[in-house]
Novice: 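This is the structure, below, for whatever I ask next.
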Number of protein chains: 2
Amino acid sequence: MQDDQLDKIFKALSDSTRRRIIDRLSKQPAQSLFEVCAASVAEDGIALSRQTVSQHLAVLEKANLVEIIWKGRTKTHSLNITEGHIEAATWLMKYKQNGEEE
Amino acid sequence: MQDDQLDKIFKALSDSTRRRIIDRLSKQPAQSLFEVCAASVAEDGIALSRQTVSQHLAVLEKANLVEIIWKGRTKTHSLNITEGHIEAATWLMKYKQNGEEE
DNA sequence: TTGACATGCCGTACTTTTACTGCATAAAGG
DNA sequence: CCTTTATGCAGTAAAAGTACGGCATGTCAA
């Protein structure tokens, strides 16, 4: 696993807005930009501009966490968690000191 | 798991310099600030100022990833990965789509 | 063709992060 | 006492991250 890839994945996960988007996309895939915006207001009461959400989705896209499929003029976003992501996310586990009670 | 805590942990892990420090501390615990600096130069050939390393260690400390023990006038840093950290690191796993070959 | 819709790119403002220099403080040793 | 050693704090500067408005482009449908 390359440093660059780990950077992208951890950075993508280090923002609560993006984690909320991930959670939202997991419940309903293939959402457009506007659907994500609308859901943010409807479910969390957080009104974010189109550009802001677009930027967050771009970060997730660069980390390959969302898959893009164009349907006509609509760009749909779906969650795409791969083995590579799981490997990256569990990077810390190899440093867990085992032993101790608990 | 609170958003604030997840933020701190993922942010702490999203920098390759900090990941290198974690790796270093896992091999040799109870290192002082200067030892981490020296090891950075010796093992990776990266010369970082004392203050820069200090700041990185502070980020790891705020995420509770390192434990501080004072020995005389020396502040020693050791890795301290808890169940909470593991839980945070595996945050992404609950979104993994199972199924598919592989 | 025209209008409405969805996205993309450019620029701005504010905040945070990263890396650094310099100075101050406190403890141990000669 | 004075020097060395280890840390802490303040301040600076460049870069990146976050959030936004405006304008342009492309597409679907009436």
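Sequence lines set the chain letters: A, B, ... in the order given, protein chains first and strands last, and positions in each chain run from 1.
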Novice: Carefully, step by step, assess B:E35 and B:R24 under the rule salt bridge (Lys or Arg N to Asp or Glu O under 4.0 Å).
Specialist: CA-CA 10 Å; B:E35 285 175 304; B:R24 212 178 308 297; over 6 Å; no
Novice: Rounding to an integer number of Å, can you tell me how far B:R50 CZ sits from D:dC9 C1'?
Specialist: 10 Å
Novice: D:dT7 P sits how many Å from B:I69 CD1, rounded?
Specialist: 14 Å
Novice: Do any side-chain nitrogens or oxygens of B:K71 fall under 4.0 Å of OP1 or OP2 in D:dA6?
Specialist: no
Novice: Using a cut-off of strictly less than 4.0 Å, decide whether A:H56 has a side-chain nitrogen or oxygen near OP1 or OP2 of D:dA19.
Specialist: yes
Novice: Could you tell me the separation between the CD1 atom of B:I46 and the P atom of C:dC20, rounded to a whole number of Å?
Specialist: 11 Å
Novice: If you compare every side-chain N and O of B:K11 against the phosphate oxygens of D:dG17 (OP1, OP2), does one of them come in below 4.0 Å?
Specialist: no
Novice: Nearest to the side chain of A:Q51 - D:dG26, D:dG21, C:dA28?
Specialist: D:dG21
Novice: Is there a path of hydrophobic side-chain contacts, each under 4.5 Å between heavy atoms of I/L/V/M/F/W/Y residues, joining B:V66 to B:V59?
Specialist: no
Novice: Would you indicate which nucleotide in C:dA19, C:dT7, D:dT7 comes nearest to any side-chain atom of B:T17?
Specialist: C:dA19
Novice: Salt bridge (Lys or Arg N to Asp or Glu O under 4.0 Å) for A:K8 and A:D4? Distances and angles first, verdict last.
Specialist: CA-CA 6 Å; A:K8 281 182 190 162; A:D4 189 55; 3.5 Å; yes
Novice: Starting from P on D:dT5, measure out to CD on B:E35 and report it in whole angstrom.
Specialist: 15 Å
Novice: Given C:dC20, D:dG8, D:dC20, identify the nucleotide with an atom nearest to the side chain of B:T52.
Specialist: C:dC20
Novice: Quick check for you: among C:dT7, D:dG8, D:dG26, whose closest atom lies nearest to any side-chain atom of B:S54?
Specialist: D:dG8
Novice: What is the distance, to the nearest angstrom, from the CD atom on B:E61 to the C1' atom on D:dG8?
Specialist: 12 Å
Novice: Using whole Å, report how far NZ of A:K75 lies from P of D:dG26.
Specialist: 16 Å
Novice: To the side chain of A:R73, which of D:dA19, D:dT27, C:dT21 is closest?
Specialist: D:dT27
Novice: When you measure from the side chain of A:D15, which nucleotide among D:dT18, D:dC20, C:dA6 comes out closest?
Specialist: D:dT18
Novice: Which nucleotide in the list C:dT21, C:dT18, D:dT7 gets nearest to the side chain of B:R18?
Specialist: C:dT18
Novice: Tell me: CG of B:L57 to P of C:dT18, nearest whole Å?
Specialist: 13 Å
Novice: Could you check B:Q55 against A:F34 and say which one's nearest nucleotide on DNA chain C is further toward the 5' end?
Specialist: A:F34
Novice: Please indicate whether A:K94 has more than 12 foreign heavy atoms, meaning atoms of other residues, nucleotides or ligands, lying under 6.0 Å from its NZ.
Specialist: yes
Novice: Which is more 5' along DNA chain D, the nucleotide nearest A:G72 or the one nearest A:S14? Just name the residue.
Specialist: A:S14
Novice: Among B:R20, B:K27, B:R19, which residue satisfies the side-chain hydrogen bond (donor to acceptor under 3.5 Å, both in side chains) criterion with B:D23?
Specialist: B:K27
Novice: Using atom CZ of A:F10 as one end and atom P of D:dG17 as the other, report the distance to the nearest whole Å.
Specialist: 16 Å
